[in-house]
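Side chains are part of it too, since the values below use all heavy atoms of this structure and drop only hydrogens, waters and symmetry mates. Just so we're on the same page: letters track the sequence lines, and every chain starts at 1. Computed from a predicted model, the values in this text were never measured in an experiment.
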Amino acid sequence: GAVVSQHPSRVICKSGTSVKIECRSLDFQATTMFWYRQFPKQSLMLMATSNEGSKATYEQGVEKDKFLINHASLTLSTLTVTSAHPEDSSFYICSAPAASGTDTQYFGPGTRLTVL
Amino acid sequence: EDQVTQSPEALRLQEGESSSLNCSYTVSGLRGLFWYRQDPGKGPEFLFTLYSAGEEKEKERLKATLTKKESFLHITAPKPEDSATYLCAVQVRTSGSRLTFGEGTQLTVNP
């Protein structure tokens with residue numbers, strides 16, 4: 001299957017700082033990528049759709065000014081958590097469709113964010 | 001509103017004891033139903049995509065089936081390494097590539 005990577009895998013930061021998470025498609029191009037958040041013992045919740053060359057689309061209830069998304073190229077999307085607070089601590093996962101027109105999404109390994 | 005419900009929440013099996021996981025869905029126009037496996041602290045790993053009622057797919061000890069209302073993930077003679085959380089997700093025709101996930105079934109297979 002297609003490979004999606006994320007960096008960093010784990011980050012600990014102080015409250016009020018900003019954290020950037022990268023999502024890369026390693027062996028394919030992705031005009032669209034998705035960002036999810038997963039709290040302990042819960043399922044994945046879609047936060048936003050990242051679109052190469054245009055603005056991201058955010059799900060209802062997700063603050064676009066807090067979770068900045070930039071789809072810089074066909075293989076890279078970044079999620080920046082601005083002014084992070086302890087309640088932002090979570091597991092952030094990105095995904096991408098392996099090929100244009102395909103429905104199957106492949107997921108990255110996730111980034112564990114802990115805000116102190 | 002699109003809904004996906006998985007049952008049971010947790011399942012404990014003995015090695016070799018076959019069973020099934022259920023995923024019930026209520027959506028406005030199913031485009032596809034997906035099964036993923038997730039190990040603790042990792043991203044979901046793709047297993048199957050099903051598109052139409054009656055479709056079946058198999059991979060090693062796993063077989064996924066689909067009806068108009070639900071999907072089953074059958075696990076035959078499971079091994080301890082099959083222990084994981086199994087996630088079901090749906091894609092609807094009006095929502096592009098967006099996935100809506102169920103809460104998952106945590107499977108534990110004891111040796």
| message | Are there over 12 heavy-atom neighbours, none belonging to B:R12, within less than 6.0 Å of that residue's CZ? | response | no
| said: If you count heavy atoms of other groups shown closer than 6.0 angstrom to NZ of B:K69, is the number above 12? | reply: no
| field | Segment of B:E45 engaging chain A (4.5 angstrom heavy-atom cut-off) | value | neither
Got a second to check how far [X]'s [atom1] is from [Y]'s [atom2], nearest 0.5 Å?
X      : Y      : atom1 : atom2 : value
A:Q105 : B:T49  : CD    : OG1   : 10.0 Å
A:F107 : B:L99  : CZ    : CG    : 5.5 Å
B:Q38  : A:I93  : CD    : CD1   : 5.0 Å
B:Q91  : A:T104 : CD    : OG1   : 8.0 Å
A:Q38  : B:L87  : CD    : CG    : 7.0 Å

| task | Each residue besides A:L68 in its hydrophobic cluster should be listed here, by chain and number; the cluster joins Ile, Leu, Val, Met, Phe, Trp and Tyr at side-chain heavy-atom distances under 4.5 Å. | result | none
Quick check: is [Y] connected to [X] through a chain of hydrophobic side chains (ILVMFWY, heavy atoms under 4.5 Å apart)?
X     : Y      : value
A:Y58 : A:I21  : yes
B:L21 : B:F34  : no
B:V4  : B:L107 : yes
A:W35 : A:V11  : yes
B:L47 : B:F72  : no

At their closest point, which heavy atom of [X] faces which heavy atom of [Y], and how far apart are they?
X      : Y      : value
A:F91  : B:G41  : CZ-O, 3.5 Å
B:F101 : A:S43  : CB-OG, 3.3 Å
A:Q42  : B:E103 : CA-OE1, 4.2 Å

| remark: If you tally heavy-atom pairs under 4.5 Å between each of B:K42, B:R98, B:E9 and chain A, the highest tally belongs to B:R98
| field | Atom group of A:L44 that falls short of 4.5 Å from chain B, counting heavy atoms | value | both
| task | Against chain B, label A:E59 side chain, backbone, both or neither, depending on which of its atoms sit under 4.5 Å from a heavy atom there. | result | side chain
| query | Do you know which of A:S95, A:P109, A:G110 has the most heavy-atom pairs with chain B at a distance under 4.5 angstrom? | reply | A:P109
| query | Listed by chain and number, what are the ring-ring contact (aromatic ring centres under 6.0 Å, His included) partners of B:F46, not counting sequence neighbours? | reply | A:Y106, B:Y36
